[in-house]
Amino acid sequence: MTFEELEQIAAETRENREKSPRELNVCVAAGCLSLHSDAVKKSLEEEVKRTGATCRVRGTGCMGLCSLGPLVASEPSGQLYKSVAAADAAEIVKNLEGAPVPRLLCSREQPFFQRQNLIVLENSGRIDPEKIEEYIAADGYRALVHALTEVNPNEIVQEVSKSGLRGRGGAGYPTGLKWGTVSKTAGTTKYVICNADEGDPGAFMDRSVLESDPHRVLEGMAIAAYAVGATRGYIYVRAEYPLAVKRFGTAIREARRLGFLGSQICNTKFNFDMEVRIGGGAFVCGEETALIASIEGRRGAPRPRPPYPAQAGLWDMPTLINNVETFANIPSIVRRGGDWYASIGTKKSKGTKVFALTGKVRNVGLIEVPMGTTLRQIIYEIGGGGPEGHKFKAVQTGGPSGGCIPEQFLDLSVDYESLRELGSIMGSGGMIVMDDSACMVNVAHYFMEFCMSESCGKCIPCRSGTAQMFELLTRMTLGTATARDLELLEELCDMVSSTSLCGLGQSAPNPVLSTLRYFRDEYIEHINEKRCRAGVCECGSTVGVTA
Amino acid sequence: MSKATLATIWLDGCSGCHMSLLDMDERLIELSPQFELVYSPLVDAKVLPRNVDVALVEGSVSSDEDEHKIRLIRSRARILVSLGDCAVTGNVPAMRNSFPVDALLHRVYIENATLQQQVPTERLPVLLKRVRPVHEVVTVDVFVPGCPPSADTIYSVLKELLAGRVPDIAALSRFGI
Amino acid sequence: MPLTSKKPPLPSEDKRWRIVNGTMRRHGYARDALIETLHTVQESFGFLDKVALRFVADSLRVPLSQAYGVATFYHFFTMKPPGEHVCLICMGTACYIKGAGALLNEAQAALGIQAGETTADAKASLMTARCIGSCSVAPAVVFDGETMGNVAGKNLREKLAGWRPA
Amino acid sequence: MNPAPSVKTLMIDGKDVSARADQSILDAARENAIPIPTLCHLDGLSEAGACRLCLVELKGTPRLQPACVTLVEEGMEVTTQSPRLEKYRRMVVELLFAERNHVCSVCVSNNMCELQDMAKQLGVTHVRFPYRYPRLPVDTTHERFTMDHNRCILCTRCVRVCTEIEGAHTWGVFGRGVDAHLITDLDIPWGTSDTCTSCGKCVQVCPTGALFEKSKVGMQSQKNPDFLNYLNEMREIER
């Protein structure tokens with residue numbers, strides 16, 4: 001594959017599209033799909049066939065504003081229709097040329113769309129994720145061809161370092177540094193692994209990217225493999241994401257067909273191929289060494305680091321592990337340069353971040369904003385604020401490893417460091433808004449149950465400590481706890497975070513610590529007054545229930 | 001100097017800790033000028049006095065009566081000592097905790113009984129759902145593990161307490177044995 | 001147990017064993033294909049049992065204790081046959097905040113079973129998931145593989161009632 | 001003959017020591033008579049890094065590091081005893097006691113148990129956390145040995161010795177988290193296992209009364225894992 005050939009495919013694809021420019025793009029990613037967008041698509045196809053209209057009906061990836069799904073975009077006019085039902089097909093097709101259907105219109109001018117800055121999601125909802133040609137028509141695989149034919153691996157690592165990109169899986173380790181280590185470590189075979197074991201409850205960024213634009217991730221992995229000298233790749237996807245598995249499988253086959261995977265890619269000496277590995281429902285496998293154990297077919301129990309996977313990973317070989325969103329940033333960085341990427345974001349956190357904005361907020365969906373955007377902008381401008389009649393209480397980031405951030409910090413600009421200072425973490429990007437109908441003790445209890453059940457059981461602090469913390473929190477929610485139990489809980493938080501073997505245990509106390517930090521009075525009420533102000537816990541009297 | 005008042009209490013345990021206390025033999029006589037035994041299964045006094053300096057508690061909290069007793073003792077004792085594994089850990093009495101009380105009573109009084117198969121109900125303390133070590137019910141000042149703690153251990157503990165010091169238990173005793 | 005190096009025979013005439021064998025062959029009977037193969041078994045049979053585990057372990061030359069350890073480590077694998085219908089309630093944070101707990105209680109009451117169980121008539125199984133990634137339409141429930149978003153108690157009751165005609 | 005590994009000098013608890021570059025902090029400390037508590041570690045087996053008792057402080061490293069798997073480095077300054085470390089170690093022991101039903105007074109290994117010794121050594125006189133009282137089975141089906149899950153601390157020494165030394169792979173771990181427990185083969189009664197060679201190594205390495213030899217009580221039930229060093233040494237010579 002050469003630039004000329006790439007351009008030819010892109011040109012043909014665009015040409016075909018221009019021949020009959022009218023198309024109806026139906027989101028068939030998970031959110032809209034669970035609102036039966038497949039039925040909408042079928043109905044539109046039938047209607048087009050019945051009326052003989054010249055219009056293509058395509059299934060595309062996520063358009064972002066999932067709470068108003070199923071979403072349908074009408075091109076070339078650019079109209080976006082919301083909450084479309086199968087029965088609306090006739091009206092939509094009838095009005096293809098004339099005025100749009102006002103009843104279904106969803107403005108693209110609203111802050112939800114205007115406030116975003118799309119890099120990772122630039123193709124989401126715009127291309128058919130199952131057609132490689134459409135990705136190529138959107139400048140896809142140019143970065144890979146450029147990397148392989150015009151620059152050496154070292155330069156790629158440097159470019160990524162220059163971009164300031166940090167791991168999007170949660171911890172924020174500098175990506176360029178990681179690549180550099182793997183590239184410098186000698187090994188007979190090196191591996192690249194994409195961590196798509198998005199286990200945080202309330203997060204669906206990776207799912208959406210894989211379902212909406214799988215080639216972007218694949219291209220990022222191939223570039224990474226070239227940069228670090230790897231020849232084999234794995235993508236470890238949750239079993240709960242069958243559509244993502246299917247679409248990525250299709251993407252691999254298509255990429256092989258066009259020679260982006262296999263041997264002597266782009267007529268160079270670079271060989272690289274990859275396969276999908278399906279997870280088994282274990283949150284701990286998001287941890288690098290556990291994930292490696294799982295790919296090796298073993299129990300997903302983490303092992304002590306060092307050695308880090310970059311030195312001794314899969315089958316003890318140097319292994320690069322990055323998360324989906326990290327890889328998805330790579331093609332843009334390689335195409336547009338590290339400096340361009342570094343111009344976006346804050347001093348220490350560059351680029352954009354994709355968030356799954358959910359919970360008690362009007363506009364639920366997938367968003368991508370520059371690092372440094374404030375929580376208030378995200379929740380109130382993009383998210384449209386919470387539902388009527390309820391007061392904002394906290395936003396939860398980082399899932400079971402993160403924390404709850406209260407109102408007084410909403411003007412904080414979001415980056416890795418600022419969130420950590422508040423006792424939460426960036427995590428993979430789940431952002432769950434909670435209002436006064438949520439009880440913070442109950443939320444801590446919920447996450448502790450999660451960590452307890454997801455603990456692999458290998459090290460004692462995590463295995464037994466989470467079970468103890470869960471018991472103590474249970475007592476609080478039931479109104480049987482004493483002040484002594486709170487002391488023990490706090491001692492355990494310190495001990496489990498300081499002594500656990502891996503990140504799961506080390507961060508398991510975070511939801512408790514952050515709620516204790518900002519909502520200690522709620523704990524005290526549960527203990528001293530046997531009262532839950534949100535009326536969620538059955539801890540005796542429910543005096544003070546708001547609405 | 002007035003004598004310190006000492007009480008010993010027997011909750012759910014085998015009385016082995018009390019036997020071990022008696023095993024102090026002549027050392028009991030050595031310490032006796034320093035204390036007055038005001039309440040104990042070993043003496044006739046039936047009423048717990050208001051002020052107890054040191055209370056040695058043997059046994060776990062297994063019934064409503066145990067719970068009542070331990071709370072009363074706590075309210076009247078200056079220093080409360082959990083004496084022996086039953087008081088400290090729940091020990092053997094707590095082995096029933098993996099089973100529901102009803103199933104347990106049924107097994108003991110009906111399945112395994114040959115005569116008069118019935119679960120006694122009247123004038124008997126009600127078993128708690130779970131046997132608990134003393135410190136899960138009231139605050140404990142000194143823990144003396146051991147099944148039973150040896151006479152030497154109890155002697156050292158008593159001697160230290162009577163001298164107004166906190167004994168270093170870790171050096172003296174351990175769970176089990 | 002794998003005392004010989006010969007590949008074990010298929011456990012029965014059931015054609016699904018060939019599908020399982022196919023997965024292992026595709027991976028060159030490498031040990032690391034264990035999890036992939038268990039996925040195939042579960043897809044084909046609906047669950048894992050000891051016959052299947054022994055067959056897979058022997059074929060891949062994985063010790064039995066390890067195969068069982070792996071099968072029970074990953075919660076996606078089930079050792080019990082599922083009911084004719086499966087109701088899976090997402091308990092992810094977004095769903096939880098929007099009332100998934102109440103939905104679970106409703107489903108337990110409606111089916112008379114706890115999460116993770118199957119009704120005595122084998123008609124329905126009730127499961128929970130950590131997060132199915134459908135947070136945007138929380139609370140979400142998967143009925144027989146089909147995700148339904150913004151589920152209210154009423155939808156749930158109707159759907160479950162349809163599975164178990166009184 | 002391999003070239004001799006380089007020697008590193010480091011400081012442990014203020015004492016200058018030297019160690020081979022391939023040695024762990026634990027090895028170096030023990031060679032210099034500096035005690036570090038351990039439960040999952042056993043000379044002759046691979047390291048699990050699971051019990052967290054051997055965590056030590058390293059100057060310049062914010063996180064505590066397990067001495068058993070952390071290799072010595074030049075100029076390292078290690079602290080093995082501090083109020084913070086001692087507190088965490090005591091808590092590890094408390095968590096273990098609260099997790100299952102360790103009733104020392106009626107245990108075969110009473111007075112010969114590493115967990116019981118550890119509690120004494122660390123000054124754990126009581127457990128502040130609520131006991132969990134799980135209901136766990138006792139497998140008596142093996143003709144010579146018994147597995148009492150009530151006393152197991154999941155150190156996995158038995159799993160490792162069975163895998164690494166005996167090569168039978170009979171023992172494995174079922175499930176995960178606080179529900180994890182040991183299994184033989186496909187979770188069958190131990191006595192019916194046909195991979196088990198009845199060698200008894202698992203019993204000898206078990207630190208508690210979880211695995212014990214039937215009909216041996218009191219002093220007779222003393223475990224002796226020293227065979228491991230002998231086996232490993234002899235193997236090395238054969239190679």
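Here is how names work: the chains are called A, B, and so on, in the same order as the sequence lines, proteins then strands, and each is numbered from 1.
- Annotation: the span from Y96(C) atom OH to I432(A) atom CD1 amounts to 12.5 Å, rounded to 0.5 Å.
- Residue contact with chain C, scored on non-hydrogen atoms closer than 4.5 Å, is absent for A356(A).
- Heavy atoms of E146(C) lying under 4.5 Å from chain A belong exclusively to its side chain.
- Of the atoms belonging to H39(C), it is side-chain heavy atoms, and not backbone ones, that fall under 4.5 Å from chain A.
- Among the candidates N442(A), V536(A), V284(A), D435(A), the residue making the largest number of heavy-atom pairs closer than 4.5 Å to chain C is N442(A).
- With a 4.5 Å cut-off on non-hydrogen atoms, D200(A) touches chain C through its backbone but not through its side chain.
- In terms of heavy-atom pairs under 4.5 Å with chain A, the best-connected choice from M148(C), K98(C), H75(C), E36(C) is E36(C).
- We find the OH-CZ distance between Y68(C) and R299(A) to be 12.0 Å, quoted to the nearest 0.5 Å.
- When each of T72(C), L34(C), V70(C) is checked for heavy-atom pairs under 4.5 Å with chain A, V70(C) comes out on top.
- Neither the backbone nor the side chain of E211(A) comes within less than 4.5 Å of any heavy atom of chain C.
- For the atom pair C131(C) SG and E198(A) CD, the distance stands at 7.5 Å (nearest 0.5 Å).
- Distance alone, capped at 3.5 Å, places no donor-acceptor pair between the Y241(A) side chain and the I132(C) backbone.
- Contact annotation for Q66(C): neither backbone nor side-chain heavy atoms come within less than 4.5 Å of a heavy atom of chain A.
- Between atom OG of residue S136(C) and atom CZ of residue F204(A) there is a gap of 4.5 Å, rounded to the nearest 0.5 Å.
- Annotation: maximal heavy-atom pairing with chain C below 4.5 Å, among A239(A), G69(A), G365(A), G457(A), occurs at A239(A).
- Salt bridge annotation for E454(A)-R130(C): present, with a cationic side-chain nitrogen under 4.0 angstrom from a carboxylate oxygen.
- Looking at S294(A) and I35(C), their side chains come closer than 4.5 Å, going by heavy atoms from C-beta outward.
- Salt-bridge annotation for D32(C) and R277(A): present, with a side-chain N of the basic residue lying under 4.0 Å from a carboxylate O of the acidic one.
- The greatest number of non-hydrogen atom pairs below 4.5 Å with chain A, out of T93(C), N150(C), T147(C), is found for T93(C).
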